[in-house]
Amino acid sequence: MSLSLDATQLDRYSRHIIMDEVGPEGQEKLLNGRALVIGAGGLGAPVIQYLAAAGVGTLGIVDDDVVERSNLQRQVIHADADVGVPKVESAAAFVERLNPDVTVETYETRLGPENVGSLLEGYDIVVDASDNFPTRYLVNDAARLAGVPVVHGAIYKFEGQATTLVPGGPCYRCLFPEAPEPGTVPDCATTGVLGVLPGTVGCVQATEAVKLLLGEGEVLEGRLLFYDAMDMSFETVPYRRNPDCPVCGENPIDSIEGIEYAGGCAVEAE
Amino acid sequence: MEWKLFADLAEAADGRRVTVEVDGGATVGDALDALLEARPALADRVLDDEGDLRDHINVLRNGENVFTADGLDTELEEGDELALFPPVSGG
């Protein structure tokens with residue numbers, strides 16, 4: 001067994017390395033792993049925190065927002081002094097303090113159809129920690145076309161949903177073919193969100209991301225996890241590939257060209 | 001028959017759990033009709049202009065998505081748990 005972990009790394013990751021399911025080989029997989037995190041907000045904060053601590057070697061972070069004081073109730077990687085600072089910058093500084101093994105690639109931009117292809121390039125996995133339907137559908141579609149797994153997480157007030165979209169398994173559109181029309185579902189700014197909620201859901205996403213990079217365990221493929229903070233209950237619901245799915249079904253699209261990522265984000269029949 | 005409602009659907013229905021009365025031999029669709037009749041604001045949220053369930057609303061019977069089997073025609077059995085869930089997008 002070739003070991004490229006140095007003495008500091010053997011120490012830092014000792015609680016991983018001691019376990020058979022990870023071991024030095026698994027830790028090297030994490031250190032060689034490349035994860036793209038879409039959004040450095042409520043979900044992105046714990047995802048970035050735990051992936052960095054775990055030693056995921058390259059973390060891409062996409063976000064075009066700056067830190068606001070109202071974010072700090074839940075976005076735990078940003079601090080009071082970061083208000084007004086771009087979130088990608090604040091996130092990168094957080095990771096730098098936590099773990100020098102991690103290289104952060106920051107993209108201070110909004111993910112859109114025009115840049116999604118180049119942003120995904122070279123990443124092993126995508127963690128969808130975004131906060132809106134157009135981005136979520138775009139990430140699902142583009143990542144599936146690129147053959148990259150997506151760890152999905154989303155929250156609403158006291159509830160969360162998580163699932164892992166692996167090529168070969170069902171995609172987000174198999175479950176929800178189209179987005180609700182804008183205005184149907186109010187956003188966090190309008191409804192509020194329990195500050196700890198994205199912590200729980202983001203940690204589920206970070207767990208899934210680590211498992212994907214390790215190639216260990218059972219990910220949430222074809223299963224939607226519901227978390228209810230008020231009931232303190234977790235439920236998983238199975239779902240299947242939809243043969244009519246426009247993205248992963250029998251007649252799939254071959255590019256995202258022409259899909260309107262606004263409104264219902266529908267893939268119109270040709 | 002009890003419906004469990006997730007996310008904003010619970011607000012539209014003014015409750016996370018709604019009990020409806022259906023006859024023996026009723027289907028999931030019958031129980032859905034009874035639910036939406038009792039909770040018109042929920043009907044506005046989940047039905048499209050044609051009165052069909054919107055594509056993004058999923059129906060569960062005992063934790064299984066009914067659309068992977070017989071859909072709304074699925075016959076109900078005593079003690080079934082029904083649920084409606086939408087996607088959420090917050091992050």
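This is a predicted model, so every value here is computed, not measured. Hydrogens, waters and symmetry mates play no part in the numbers below; they use all other heavy atoms, side chains included. Residue numbering restarts at 1 for every chain, and letters A, B, ... go by the order of the sequence lines.
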Backbone N/O of Val85(A) and side chain of Asp82(A): donor-acceptor pair under 3.5 Å: no

Glu159(A) portion near chain B, given a 4.5 angstrom heavy-atom threshold: side chain

Within the 6.0 Å centroid threshold, strictly below: Phe176(A) and Tyr239(A): no

Side chain / backbone / both / neither for Tyr172(A) at chain B, heavy atoms under 4.5 Å: side chain

From Asp30(B) atom CG to Glu21(B) atom CD, the distance as rounded to the nearest 0.5 Å: 13.5 Å

Between Pro198(A), Pro238(A), Ala266(A), Gly153(A), the one whose heavy-atom pairs under 4.5 Å with chain B are most numerous: Pro238(A)

Proximity breakdown for Leu197(A) and chain B, heavy-atom pairs closer than 4.5 Å: neither

Between Ala45(A), Gly264(A), Ala154(A), Ala179(A), the one whose heavy-atom pairs under 4.5 Å with chain B are most numerous: Ala154(A)

Which atoms of Asp128(A) approach chain B - backbone, side chain, both or neither, heavy atom under 4.5 Å: neither

Which pairs would a plain distance check flag for residues 4-14 of chain B, meaning a side-chain donor or acceptor within less than 3.5 Å of a matching protein atom at least two apart in sequence or in another chain?
unit_1   : atom_1 : unit_2    : atom_2 : d
Lys4(B)  : NZ     : Glu235(A) : OE2    : 2.6
Asp8(B)  : OD2    : Arg45(B)  : NE     : 2.5
Asp8(B)  : OD2    : Arg45(B)  : NH2    : 3.3
Glu11(B) : OE1    : Tyr156(A) : OH     : 2.8
Glu11(B) : OE2    : Tyr156(A) : OH     : 3.3
Glu11(B) : OE2    : Lys157(A) : NZ     : 3.0

Proximity breakdown for Val193(A) and chain B, heavy-atom pairs closer than 4.5 Å: neither

Engaged part of Phe67(B) at the chain A interface, taking heavy atoms whose separation is under 4.5 Å: neither

Ring center gap for Tyr137(A) and Tyr261(A) short of 6.0 angstrom: no

For Leu43(A) against Arg136(A), the heavy-atom pair lying closest together: CD1-NH2, 3.9 Å

